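Source: prediction; values computed, not measured.
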Amino acid sequence: MTEHVSEHSREREPEHSAARVPEHSAAREPEHSAAREPEHSAAREPRIHGFCDARFGAVRTAFENNFRERGELGAAVTVLADGKTVVDLWGGWADGARDQPWERETLVNVWSTTKGPTSLCAHVLIDRGLLDPDAPVAMYWPEFAAAGKESVLVRHLLSHRSGLAGLREPHTLEQLYDWELTVSRLAAAEPLWEPGTRSGYHATTHGFLVGEVVGRITGLRPRAFLRQEVTGPLGIDFGIGLPEKETARAAELVHPPVETDSEQAAVLGQLGPVAVAALGNPPMGAADANTAAWRAAEIPSANGHGTARAVAALYGIFAGRGRLGAHRVLSPETVERVREGQGSCRDLVLGPGFTHETEIALGLWLSGPNGSYGPNPKAFGHDGFGGSCGLADPEAGISMGYVMNRMGPHIADDPRKMALIDALYSAL
């Protein structure tokens with residue numbers, strides 16, 4: 001079904017406080033390669049394509065209003081209810097110049113929404129009895145015991161409580177592309193705070209830490225393990241990194257609006273050394289993610305590429321209590337463990353961007369009382385830098401994937417995402 005965006009009454013902005021914290025690239029955005037839109041492009045009305053069950057019409061309206069009211073450029077949203085597709089919409093443009101339409105099979109870098117599939121790899125091993133979340137990391141990765149980390153548990157890695165939210169020593173983007181160098185530095189590093197006591201969002205390091213444990217057990221890093229055990233057998237169009245042969249399908253990321261100097265200085269002034277290490281070492285942004293080097297690398301925290309359909313399917317494994325269609329990936333008991341809260345707190349990295357405490361479970365964020373993933377406090381998911389998200393609600397039997405290419409200035413609870421979630425739950 002292809003049709004122009006229809007007119008609807010203006011929808012209210014959701015009453016959620018979106019977390020505005022410095023993006024990974026707060027220190028710099030390479031001006032020569034960052035995608036920018038021509039000034040005249042706003043007049044070109046986007047087209048919305050796809051399918052939406054009549055019961056979920058509010059989701060379509062919210063999706064349309066994201067283009068009309070919230071500056072959407074190109075995007076897609078998919079909702080599964082009891083494993084069946086009830087919403088599958090896409091529209092807009094795949095590039096900043098608005099020359100390339102967003103197609104049904106358009107792929108995009110989803111940043112930290114990748115952490116859900118990466119954590120899924122660990123939970124597959126937990127489900128098979130090959131990984132114990134309460135075992136010391138050093139049991140699987142002996143070098144990790146250095147610098148007083150012998151008592152750090154696997155659950156501390158999954159829940160961002162290992163104390164390794166970032167590295168003290170400068171680590172360039174080119175060095176981040178070197179897996180062995182990055183994990184060796186993490187193994188040798190001293191924690192930035194006492195492990196297990198509090199969360200500090202591991203923006204970039206999470207995927208390397210969890211991924212190295214997966215690799216020590218299976219001989220496969222997350223990219224290969226996810227493809228072999230999950231996305232390949234289930235036919236899910238998602239990967240960590242992007243093969244060169246698929247680059248023609250990739251949307252161009254467009255950087256968020258630049259903060260004024262005074263606004264940026266005020267936000268940066270709130271950050272402690274842990275947040276600076278987590279979000280700015282190395283600095284990265286939309287321009288970097290559009291490069292061949294980024295797409296070729298394996299960064300299991302941040303460079304997953306997929307469609308909204310794929311994100312909904314991956315998070316749908318959690319929503320289906322371990323099952324997606326005819327495929328059983330996890331046991332129901334393991335899914336309950338996935339959302340095992342590790343204690344709410346003011347996160348050491350993202351805390352300044354929220355007006356409330358947050359809680360991370362074993363690899364994903366709980367919706368909690370603030371409703372980041374809807375009104376069910378036990379729903380869970382993960383946001384990606386700039387706006388994307390994956391959501392799972394086993395009680396409601398729903399999952400959602402939302403992806404886009406114009407990045408917002410929020411690291412979590414982007415207004416576009418929250419509008420879609422509000423609309424989704426209004427239909428239930």
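Minimum heavy-atom separation, Arg416 to Gly408: NH2-N, 3.3 Å. In plain terms, the two heavy atoms of Ala203 and Ser112 that are nearest each other are O-OG, 4.1 Å. Here the shortest heavy-atom pairing between Val403 and Val108 reads CB-CG1, 3.6 Å. Closest heavy-atom contact between Ser367 and Gly374: OG-O, 2.7 Å. Taking each heavy atom of Ser301 and Thr205 in turn, the nearest pair found is OG-C, 4.1 Å. For Glu298 against Asn303, the heavy-atom pair with the smallest separation is C-OD1, 4.1 Å.
Between Tyr425 and Asp393, the side chains place a donor N or O and an acceptor N or O closer than 3.5 Å (distance only, hydrogens not considered). Using a 3.5 Å distance cut-off with no hydrogens or angles, the side chains of Asn405 and Trp102 do not pair a donor with an acceptor.
Phe238 is linked by a ring pair (Phe, Tyr, Trp, His ring centres under 6.0 Å) to nothing, counting only residues two or more places apart in sequence or in another chain.
Under a 3.5 Å cut-off, the side chain of Thr113 and the backbone N or O of Gly384 do form a donor-acceptor pair. Without hydrogens or angle criteria, Asn109 side chain to Ala302 main chain gives a donor-acceptor distance under 3.5 Å. The main-chain N or O of Glu169 is found under 3.5 Å from a side-chain atom of Asn281 such that the two form a donor-acceptor pair. Remark: the backbone N or O of Asp88 is not paired with any side-chain donor or acceptor of Arg309 at under 3.5 angstrom. Proximity of a side-chain donor or acceptor of Asp127 to a complementary backbone N or O of Ser331 within less than 3.5 Å is detected. Side chain of Thr172 to backbone of Pro282: no donor-acceptor contact under 3.5 angstrom is found. A donor-acceptor pair under 3.5 Å is absent between the side-chain atoms of Arg60 and the main chain of Val87, judged by distance alone. A donor-acceptor pair under 3.5 Å is formed between the side chain of Asp288 and the backbone N or O of Gly285. The backbone N or O of Asp413 lies less than 3.5 Å from a partner atom in the side chain of Asp383, making a donor-acceptor pair. In terms of modelled atom types and a separation under 3.5 Å, the side chain of His255 and the main chain of Ala286 share no donor-acceptor contact.
The pair Arg321-Glu395 meets the salt-bridge criterion, since a charged nitrogen lies less than 4.0 angstrom from a carboxylate oxygen. Glu333 has no carboxylate O lying under 4.0 Å from a charged side-chain N of Arg337, or vice versa, which leaves the two without a salt bridge.
Applying the side-chain hydrogen bond (donor to acceptor under 3.5 Å, both in side chains) rule to pairs touching residues 226-243 yields Arg128-Glu229, Asp237-Arg249, sequence neighbours excluded. Applying the ring pair (Phe, Tyr, Trp, His ring centres under 6.0 Å) test to residues at least two apart or on different chains, the pairs with a partner in residues 117-143 are Trp141-Phe144. Under the ring pair (Phe, Tyr, Trp, His ring centres under 6.0 Å) criterion, the residue pairs touching residues 161-180 are Trp179-Phe208, with sequence neighbours excluded.
The shortest side-chain heavy-atom distance between Ser388 and Val311 does not fall under the 4.5 Å cut-off. The closest side-chain heavy-atom distance from Glu340 to Arg155 is below 4.5 Å. Within the 4.5 Å cutoff, the side chain of Tyr315 has heavy atoms near those of the Pro117 side chain. Lys149 places none of its side-chain heavy atoms less than 4.5 Å from the side chain of His156. Leu73 has its side chain out of reach of Met404: every pair of non-hydrogen atoms, C-beta onward, lies at least 4.5 Å apart. When side chains are defined from C-beta on, Tyr402 does not count as touching Ile421, because their heavy atoms never get closer than 4.5 Å. Contact of the Ser119 side chain with the Leu158 side chain is registered, since non-hydrogen atoms from C-beta on lie closer than 4.5 Å. Side-chain contact between Leu120 and Leu330: present, with at least one pair of heavy atoms (C-beta onward) separated by less than 4.5 Å.
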Next item on the list: List the steps and the verdict of side-chain contact (heavy atoms from CB on, under 4.5 Å) for Glu246 and Glu105.
Entry: CA-CA 11 Å; Glu246 299 287 3; Glu105 306 302 331; over 6 Å; no

Next item on the list: Verify side-chain contact (heavy atoms from CB on, under 4.5 Å) between Val214 and Leu220, making sure each step is shown before the conclusion.
Entry: CA-CA 7 Å; Val214 170; Leu220 299 174; 5.8 Å; no

Next item on the list: For the pair Leu164 and Val152, evaluate side-chain contact (heavy atoms from CB on, under 4.5 Å) and give the outcome as yes or no after the intermediate values.
Entry: CA-CA 10 Å; Leu164 296 177; Val152 175; over 6 Å; no

Item checked: Worked check of side-chain contact (heavy atoms from CB on, under 4.5 Å) between Val349 and His160 -> CA-CA 10 Å; Val349 174; His160 300 254; over 6 Å; no

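Interatomic distance, Asp347 CG to Glu357 CD, rounded to the nearest 0.5 Å: 10.5 Å. Distance CH2/Trp90 to CZ/Arg104: 5.5 Å, rounded to 0.5 Å. A distance of 12.5 Å separates OG1 in Thr106 from NE2 in His305, rounded to the nearest 0.5 Å. A distance of 10.0 Å separates OG1 in Thr118 from CG in Leu314, rounded to the nearest 0.5 Å. Taking CD1 of Ile48 as the reference point, atom CG of Asn66 lies at 9.5 Å (rounded to 0.5 Å). Rounding to the nearest 0.5 angstrom, the gap separating the OG1 atom in Thr334 from the CD1 atom in Ile126 is 7.5 Å.
For Lys417 and Tyr373, the positive end sits near the middle of the six-membered ring, less than 6.0 Å away and at most 45° from its axis.
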For residues 188-197, which side-chain N or O atoms pair as donor and acceptor with protein atoms under 3.5 Å away, sequence neighbours left out?
| residue | atom | partner | partner atom | Å |
| --- | --- | --- | --- | --- |
| Trp193 | NE1 | Arg198 | O | 2.9 |
| Thr197 | OG1 | Glu194 | O | 2.7 |

Enumerate donor-acceptor pairs with a distance under 3.5 Å from any side-chain N or O in residues 358-365 to protein atoms, sequence neighbours excluded.
| residue | atom | partner | partner atom | Å |
| --- | --- | --- | --- | --- |
| Glu359 | OE2 | Gln342 | N | 3.2 |
| Glu359 | OE2 | Gly343 | N | 2.8 |
| Trp365 | NE1 | His382 | NE2 | 3.4 |

